[in-house]
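Have a look at the structure below before the remarks.
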Number of protein chains: 2
Amino acid sequence: MNHKIGLMGFGVVGQGYHTIAESHDNDLLPYQIVIKEQNKSRPQNLPFIFNAEKLIDEAEIGIELISDSDAAYKFIRAFLERGKRVITANKKVIAANLPELIALQKQYGGSILYEAAVAASIPVICNLQTQYYGDEILEIKGILNGSSNYILSQIFRHNLSLHDALALAQKEGFAEADPSFDINGSDVASKLTILITHAFNEYHPEASIPFYGIEAIGSEEIDLARTLGLTIKLIASATKTAEGVTAYIFPTFVDSSDAISAIEWEYNCVKIKSKNLGEQFFKGKGAGSLPTGSAVYSDLVKMIAGFKYQYAENIPKETELRPISTILTVTMKTTHGDKLKRYGINEAEIIHTADAAWFVGDITTEFFLANKSAFIGDAISIINIGSSVTAETVKKALIKLKYKEHLLISE
Amino acid sequence: MNHKIGLMGFGVVGQGYHTIAESHDNDLLPYQIVIKEQNKSRPQNLPFIFNAEKLIDEAEIGIELISDSDAAYKFIRAFLERGKRVITANKKVIAANLPELIALQKQYGGSILYEAAVAASIPVICNLQTQYYGDEILEIKGILNGSSNYILSQIFRHNLSLHDALALAQKEGFAEADPSFDINGSDVASKLTILITHAFNEYHPEASIPFYGIEAIGSEEIDLARTLGLTIKLIASATKTAEGVTAYIFPTFVDSSDAISAIEWEYNCVKIKSKNLGEQFFKGKGAGSLPTGSAVYSDLVKMIAGFKYQYAENIPKETELRPISTILTVTMKTTHGDKLKRYGINEAEIIHTADAAWFVGDITTEFFLANKSAFIGDAISIINIGSSVTAETVKKALIKLKYKEHLLISE
């Protein structure tokens, strides 16, 4: 029983899916594969084509696995407008257009699955869809980007610089050629937008989510974390409160008693708290050809068996939502105290170490969003202190570091 | 749309399911509830009945949540023989009769779901069914019994004796009135039989699985584990090898670098290794009214939506399988060296501490199975050393403990 599957893209994930289908079920191989670059060296004997139009009309199921978001969106939309079924791993396209994609499914009767778009091998969307009936999800938290986690592991475990760790991540295939989205938190924000929709039945577009990446983290934060016996992870968090959903993504100090601290390299994890189940924790590979290709392949099998995502009636909302503001205790580090003063921080609140000036205290996510571009411009590193230590402990550790540096300098 | 759901049993799990259905979807409440004891105090206004016969004929879907395995089996069989759908949390009945239950589904077109039977809130069966298409599972490992894990947590964290910890587990509702199956490993063996069927497409009845419980663990093993910087968990393990499936369940020394070591109290965990996905890890509550009732409720919603387990064509096999024998490095402890000598262990291999005699070395699971009743009769405690330390390190630690005891005694 051939399902006339049309594949768009033959990169890392596309090849992963293709390898699995080839060795397990030839009926699940694509009958045509749309690629862009005609001159690239490709495997022989595969049904490559260079134009998607005919495929969109003929294929029964589309699988979209390209990096060009505009083309991906058009491909997905074309399938849904024809009432067809489509699978994607493209978190950017899903996060940016989820209300519209939901509406298109309702209008034309097609369907879309995108398990591979969030945490690759972890079946988090399927679990949110099928394991929480009659339940109420209270919190979602996790590591959702394999590249930045790989980089943080290299920094903490092998003492690499951010620059060298990133180069290695690219070499190992865990980071994109343009890794900006991986390390600035934007990729995680897309994924959190998707998870919030499935967990809380609300659509918060990526731009509304306070997120910050790992780019500005330097050796000072690593030293500070080590002094405190902590590690740093890029953590996404979304919580249901009486006032609404809070959500944010920050590099975060994590204690070794937290299972998240043990997630290393390209692994991702998701912690889900709910009323009936208490805490659940899932760990799995968040990147890589076979783990991601396998999520696509499983979506395909489930899709053929009739599986569809169910969405709450109230999505899309008439107006988009944004997470409500919340208070975070953070460290902010930059080269000079003057840069911190621009944000209303007093000299008395600034701690100076040899090469850096620090603020340790509370900010609101609203304040963060209002100043985010300026923070990036000033190369300010921000780390969420989380619940692992108190601000006082961090301040004391910084003063100790300062004293230690002072001793070293005066020697 | 009422589905004419017939519930059998109104214990901890039945009440959990009922509470969830009551607050979320009255159409998913049972129209009748079969109970045995007529004189027990029950909530008012619920449709209790005392005879299952009419319900079996009338109900569209049956939910079986009683402790009496014979009655449970008859109830489940009756539904499947009528081509009806049935849900259960009864691991004993599933594990003992899986080939027959699979055959009944094929023959009469009914279906059965039993997510709650293994690791309660962890959707491990659903994940094995839906996330590993085109993949090959290599290993399953985990903590599958909340009661024994709760007891080990009390012993290690609060220094309770096994006896007191068990009493507390019963008081907290995490252990049965008759807790034998929880602490002797039999409950875990049932669950492993089910997981092996879904992961490896082979049926290994519970009796064929080498399993040993935590009953004989005394303060000596706790001291030994602490000396080694390890903890003890009751771990089930099944691995696919070129020769066949190996499977066993033993109390096991676990290093703090292993995520399993952090699973405390009534939590369970499952680690799955596969060819495409690498390692996946799931943690969630393995006992309790709402976590288990929620798994039943989710099965119900999925069942109504058309979800069925898929089984490989070759189950049931004409002959039942048994795990192939494998070598384990273990500690065996008892009161007197003579008891160890009965099993062919030489005096030279025995280490004597103040109150115990120990053997540290290799045994095969075949040897274990042949002598299991005798081991139990001799109250021999067996702990799998696992991969956390070497036998030599354990021996040295025992000799150190002996020396320490000697010093204390001679003071």
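In what follows, chains carry the letters A, B, and so on, assigned in the order in which the sequence lines appear, proteins first and then strands, with residues in each chain numbered from 1.
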Does Ser121(B) offer a backbone N or O that forms a donor-acceptor pair with the side chain of Gln280(A) under 3.5 Å? yes

Chain B shares the most heavy-atom pairs under 4.5 Å, among Ser256(A), Gly284(A), Gly134(A), with Gly134(A)

Heavy-atom distance under 4.5 Å to chain B: side chain of Tyr267(A), backbone, both or neither? side chain

For chain A, find which of Pro291(B), Ser274(B), Gly278(B) contributes the most heavy-atom pairs closer than 4.5 angstrom. Pro291(B)

At under 4.5 Å between heavy atoms, what parts of residues 122-131 of chain B are in contact with chain A? List them by residue number. Ile122(B), Pro123(B), Cys126(B), Asn127(B), Thr130(B), Gln131(B)

More than 12 heavy atoms of other residues, nucleotides or ligands under 6.0 Å from CZ of Arg157(A): yes or no? no

If you define the side chain from C-beta out and look only at heavy atoms, does anything of Asn276(A) sit under 4.5 Å from Ile20(B)? yes

Write out, in numerical order, the residues from residues 146-154 of chain A with a heavy atom short of 4.5 Å from a heavy atom in chain B. none

Got a second to check how far Tyr132(B)'s OH is from Ser294(A)'s OG, nearest 0.5 Å? 8.5 Å

Examine Tyr133(B) together with Tyr297(A) and report whether their ring centres are nearer than 6.0 Å. no

Start with the C-alpha distance between Glu279(A) and Lys285(B), add both sets of side-chain angles, then the distance that settles salt bridge (Lys or Arg N to Asp or Glu O under 4.0 Å), and finish with yes or no. CA-CA 7 Å; Glu279(A) 186 178 304; Lys285(B) 285 189 181 169; over 6 Å; no

Given Glu136(A), Gln310(A), Lys302(A), the one with more heavy-atom pairs under 4.5 angstrom with chain B than any other is Lys302(A)

Top of Leu277(B), Thr19(B), Asp135(B) for chain A proximity - count of heavy-atom pairs under 4.5 angstrom: Leu277(B)

